[in-house]
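For reference, the structure is listed below as structure tokens.
Residue numbering restarts at 1 for every chain, and letters A, B, ... go by the order of the sequence lines.
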Amino acid sequence: MLIRNSIASDPKSFEITSKSTYLNRRSFLQGGAALAGAALFPWSVSAAMPKKFKNLIKSPFSTDEPVNKYDEVTGYNNFYEFGTGKTDPMDNSATFESRPWSVTVDGLCDKPGQLDIEDLLSKFQQEERIYRLRCVEAWSMVVPWVGVQLSSILEKFEPNSKAKYVEFTTLVDKKRFPGQNYPIVPWPYTEGLRMDEAMHPLTLMATGVFGEELPPQNGAPLRLVVPWKYGFKSIKSIVRIRFTDQQPTSTWMQQAPNEYGFYANVNPAVDHPRWSQAKERRIGQFFRQPTLPFNGYADEVASLYKGMDLKANF
Amino acid sequence: MARQKKFPIKPFVFLACLGPALWLVYGTLNGLLGANPIETILRDLGDWALRFLLLGLAISPARRVFGWAWGMRYRRMIGLFAFFYAFLHLSIYVGVDHFFDWNTIWKDIVKRPYITIGMGALLTLIPLAVTSPKIMVRKLGGARWKKLHKLVYPIAIAAVVHFFLLVKADVREPLIYAVILGILLAERAYRALPQAMLRGSGSSSSG
Ligand code: HEM
């Protein structure tokens, strides 16, 4: 089996080696950032010092592959709201404030309402899940997310039987998201999942990474993580969740319908029109490695797509 | 030709042109190229190939428009640096990014328009690089040499199209290069215009 689901009691390689390393590095960086932050922006000290999670539980869904470095996860990613370069999110997000924050949950559900980030953090058990992340651009990482299984959040709002899809929307705020000053893609960024995908146990609403609350460049204060789909499905800085009976048209589907589909399941057999998806470069590695169907989560999720033509539904 | 070659400038220009490549070597050895150094190297080399192409194309307009004739002395070198960077760009793509995975590389070349076009540009640069020494100019004869080197226009256009086709959504950067190339080509078109128009009005008055 290509997928290795370690059980919670297994010591994971990253616990033994890199965790202490990244925490040390982190506290060092944090100290420096806090000092610089306190000097430049005395009011933003809290923003410069992300909170550590206590009482995290370990998830059996975690992979035991070596985790990417903190600097890689927080310093190299796509988040066009902060700019289209790979380091723009890190470079342009230092002053981003993610409090107060609440998510509107509405649409085809019996208990529409607001989800406040503080409630999400205090009333739900946070767990650490180490997932592979495969970007549509053929690079990948292993990321130790912290979060809550999405289904346990959505249940509270009691989606009704007409709800077939869930649509997610990112905050629009040109002041906090300088990238939104240019119509690179149609803002706001939206994404969608089929109801069964959203309720799947692997689907995570992430609130943190490396044991701390999410830094802005990774989608503070809450973001989706759908590990068997290309990274762009894992929408960041969410302000709205809507249950619907129509398949949502995501931002990338609007931008380039022939290149990005609704499903966007990781699939080495279906190329992006402009590059091959057969292999990927794990950040930090020299050689490309083969990409696995559903990013290695086929055992868990392939059944969701039984009988579907995955080439047509890319 | 004025004989004022007291201070040798050329070696310094040469070193300056080599600068971006030296920086990439230094950056690689010292881990300064970010989380995905291979991508950084590949893209930087592509950027510099395009920049040297455009720089080479700017030299004769600079002389005609601003009277800066000194640039002509470095034109061959700059053209060869364009080839140098394009060739390294391809080498990194083949030998590092895809580590000689010929199957994937071949599929890329035939299936992905941006790679096909980039490859076309690179292959077309080869005869220009080969015929750049003075001996080759003499061998070919000035007129034929000039005709051959007009290929640099389609090459530059192909390079900009290559860039346009590979970006996912943000076309601002390739757009800047397209505008610069547009100006450089427009200057030449404009220069070609009056004569053609003269000929046009001449024939109509006589007819
Ligand atoms: C005259 C020849 C060429 C020029 C001037 C050129 C120029 C460029 C430029 C300007 C970029 C964009 C860099 C950036 O994003 O900042 C680029 C990227 C790229 N080029 Fe070329 N190129 C040439 C030939 C080729 C050839 C022959 C190949 C492969 C067979 C190739 C493959 C690529 C690839 C794979 C990328 C990067 C795509 C990515 O990282 O998303 N290029 N090139």
Does atom [atom1] ([X]) have a neighbourhood of more than 12 heavy atoms from anything else shown, all under 6.0 Å?
| X | atom1 | value |
| --- | --- | --- |
| B:F87 | CZ | no |
| B:F12 | CZ | no |
| B:L22 | CG | yes |
| B:R144 | CZ | no |

How many angstroms lie between [atom1] in [X] and [atom2] in [Y], if you round to the nearest 0.5 Å?
| X | Y | atom1 | atom2 | value |
| --- | --- | --- | --- | --- |
| A:R274 | B:Y114 | CZ | OH | 8.0 Å |
| B:I38 | A:F287 | CD1 | CZ | 9.0 Å |
| B:D101 | A:K279 | CG | NZ | 3.5 Å |
| B:N36 | A:T87 | CG | OG1 | 12.0 Å |
| B:K168 | A:Y260 | NZ | OH | 5.0 Å |

Go through A:E137, A:E72, A:K86 and name the one with the most non-hydrogen pairs under 4.5 angstrom from chain B.
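The option with the most such pairs is A:E137.
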Does B:R172 make a cation-pi contact with A:Y182, if we ask for NZ or CZ under 6.0 Å from the ring centre and within 45° of the axis?
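Satisfied, under 6.0 Å and within 45°.
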Would you mind telling me which of B:D170, B:D108, B:V171 has the largest number of heavy-atom pairs within less than 4.5 Å of chain A?
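It is B:D170.
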Under a 4.5 Å heavy-atom cut-off, does chain B meet the side chain of [X], its backbone, both or neither?
| X | value |
| --- | --- |
| A:P273 | backbone |
| A:N78 | side chain |
| A:W275 | both |

A side-chain contact here means heavy atoms from C-beta on lying under 4.5 Å apart; do A:T84 and B:E173 qualify?
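They are not in contact (no side-chain heavy atoms under 4.5 Å apart), so the answer is no.
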Go through the steps to decide whether B:D97 and A:R281 satisfy the test salt bridge (Lys or Arg N to Asp or Glu O under 4.0 Å), and finish with yes or no.
CA-CA 9 Å; B:D97 193 19; A:R281 171 164 293 110; 2.9 Å; yes
Which portion of B:V167 sits near chain A, non-hydrogen atoms under 4.5 angstrom
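Backbone of B:V167 only, per the 4.5 Å heavy-atom cut-off to chain A.
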Can you tell which part of B:L165 gets under 4.5 Å to a heavy atom of chain A, answering side chain, backbone, both or neither?
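Only the backbone of B:L165 comes within 4.5 Å of chain A.
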Compare every heavy atom of A:V185 with every heavy atom of B:A169, then report the nearest pair and how far apart it is.
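Heavy atoms of B:A169 and A:V185 come nearest at CB-CG1, 4.0 Å.
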Is B:K107 salt-bridged to A:D271, going by a charged N under 4.0 Å from an acidic O?
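No, no charged N to carboxylate O under 4.0 Å.
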Can you check side chain to side chain contact (heavy atoms under 4.5 Å, CB included) on B:K111 and A:S276, steps first, answer last?
CA-CA 10 Å; B:K111 267 173 73 178; A:S276 163; over 6 Å; no
